[in-house]
Number of protein chains: 2
Amino acid sequence: MTAREKLLECGISPSVQRLAVLDYLLNHRTHPTADEIYLALCDEIPTLSKTTVYNTLKLFVDNGVALMLTINERNVHFDGDVSLHAHFYCKRCGHLYDMPYSGKHPSKSRMQTMEGHTVEEVHQYYKGICRSCLQED
Amino acid sequence: MTAREKLLECGISPSVQRLAVLDYLLNHRTHPTADEIYLALCDEIPTLSKTTVYNTLKLFVDNGVALMLTINERNVHFDGDVSLHAHFYCKRCGHLYDMPYSGKHPSKSRMQTMEGHTVEEVHQYYKGICRSCLQED
DNA sequence: ATTAAAAATGTAATGAGTACAAACTTGTAA
DNA sequence: TTACAAGTTTGTACTCATTACATTTTTAAT
């Protein structure tokens with residue numbers, strides 16, 4: 001499914017800016033920050049505003065097109081892969097790795113409730129020192 | 001175990017300010033923010049500085065005395081309960097609920113590694129609308 | 001008592017994210 | 001084709017949680 005189709009399916013009009021942000025998210029599985037996306041798209045769309053990037057990402061998150069990762073307390077990161085998975089955050093280099101989710105998978109078909117709360121998002125992450133940083137010691 | 005003993009055990013000198021912050025965390029299981037802690041302790045310790053609260057919380061987190069919860073992208077919350085558990089964050093009222101952890105429990109005795117990464121912290125949280133907010137609809 | 005290390009404090013700065021109003025685009029219907 | 005309204009983008013100014021840093025205070029050891 002193309003980025004355009006994905007947006008149309010969610011009832012989001014596929015403007016040049018929105019397509020560029022979604023394309024970036026789908027083709028760069030690096031969990032970028034809003035700023036990184038903005039800087040990367042500046043060449044392609046010279047008039048791009050940072051506010052547009054923030055607005056677009058919020059729109060995506062609200063419509064289930066992207067995930068907002070609030071692991072790093074400094075920056076929010078975004079993920080174009082909305083399937084159920086966990087993350088590993090390296091305290092030394094700040095890199096975010098994809099990891100398998102460990103735990104009961106919530107039923108995707110209908111919304112799950114837990115202790116009376118309606119669960120809309122499930123997040124799991126680990127923190128520590130990554131493989132790559134450990135090798136440097 | 002008293003707050004004082006807990007600090008001594010971790011090699012943290014139990015100053016008035018540190019004891020007050022830890023006491024607050026242990027007696028208020030509300031996952032407070034640094035600002036909430038600061039405001040609550042201002043009466044008790046009139047000379048208290050916000051910087052001290054931040055320094056103290058960072059010290060606690062680095063020594064495993066408290067957890068830093070980065071669920072809400074605006075504010076960091078802190079938890080004096082460092083046992084393995086999950087959280088539920090209500091998107092409407094912002095309340096944080098304790099929840100049981102679902103998934104493989106990491107071995108607490110020795111440090112766990114996952115795909116070569118050294119895991120020091122395990123986090124799990126849910127987002128949605130809480131029981132209390134649902135009743136108001 | 002002296003002195004050095006540790007801790008606390010206050011102020012100023014940082015910077016990610018947001019509010020908001022103006023400008024621009026798009027589609028639609030006269 | 002024009003006119004209009006709704007939706008979208010943009011730039012600027014602002015907020016405010018957190019940090020940097022220099023100064024002051026406290027603690028503990030000699």
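Please read all numbers here as calculations on a predicted model, not as lab measurements. Letters A, B, ... are given to chains in the order of the sequence lines, protein chains preceding strands, and every chain is numbered from 1.
For the ring pair (Phe, Tyr, Trp, His ring centres under 6.0 Å) test, no residue two or more places apart in sequence or in another chain qualifies with B:Y54. A:K58 pairs by the salt bridge (charged side-chain N to carboxylate O under 4.0 Å, His left out) definition with A:D62, not counting sequence neighbours. The ring pair (Phe, Tyr, Trp, His ring centres under 6.0 Å) search around A:H87 returns A:H31, A:H85, not counting sequence neighbours.
Heavy-atom contacts of chain B under 4.0 Å fall on DNA chain C between two terminal nucleotides, which in 5' to 3' order are C:dA7 to C:dT11.
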Heavy-atom protein contacts under 4.0 Å, nucleotides 11-30 of chain D, coded B base, S sugar-phosphate only, - none:
BB----SBBBB---------
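We find that CG of A:L19 is positioned 15 Å from C1' of D:dT9, with the value rounded to whole Å.
Side chains of B:D35 and B:T33: a donor-acceptor N/O pair is absent below 3.5 angstrom, by distance only.
The stretch residues 6-33 of chain B participates, sequence neighbours left out, in no salt bridge (Lys or Arg N to Asp or Glu O under 4.0 Å) pair at all. Within the structure, ring-ring contact (aromatic ring centres under 6.0 Å, His included) pairs that include any residue of residues 115-137 of chain A comprise A:H117-B:F88, A:H117-B:Y97, A:H123-B:Y125, A:Y125-B:H123 (at least two apart or interchain).
With side-chain heavy atoms closer than 4.5 Å counting as contact, directly or through intermediates, the hydrophobic cluster containing B:I129 also holds B:L134. Using a 4.5 Å cut-off between side-chain heavy atoms of Ile, Leu, Val, Met, Phe, Trp and Tyr, A:V53 falls into a hydrophobic cluster with A:L7, A:I12, A:V16, A:L19, A:V21, A:L22, A:Y24, A:L25, A:L26, A:I37, A:Y38, A:L39, A:L41, A:I45, A:L48, A:L57, A:L59, A:F60, A:V61, A:V65, A:M68, A:V76, A:F78.
Residue contacts for B:T52: at a heavy-atom cut-off of 4.0 Å it reaches a base atom on one of the strands shown.
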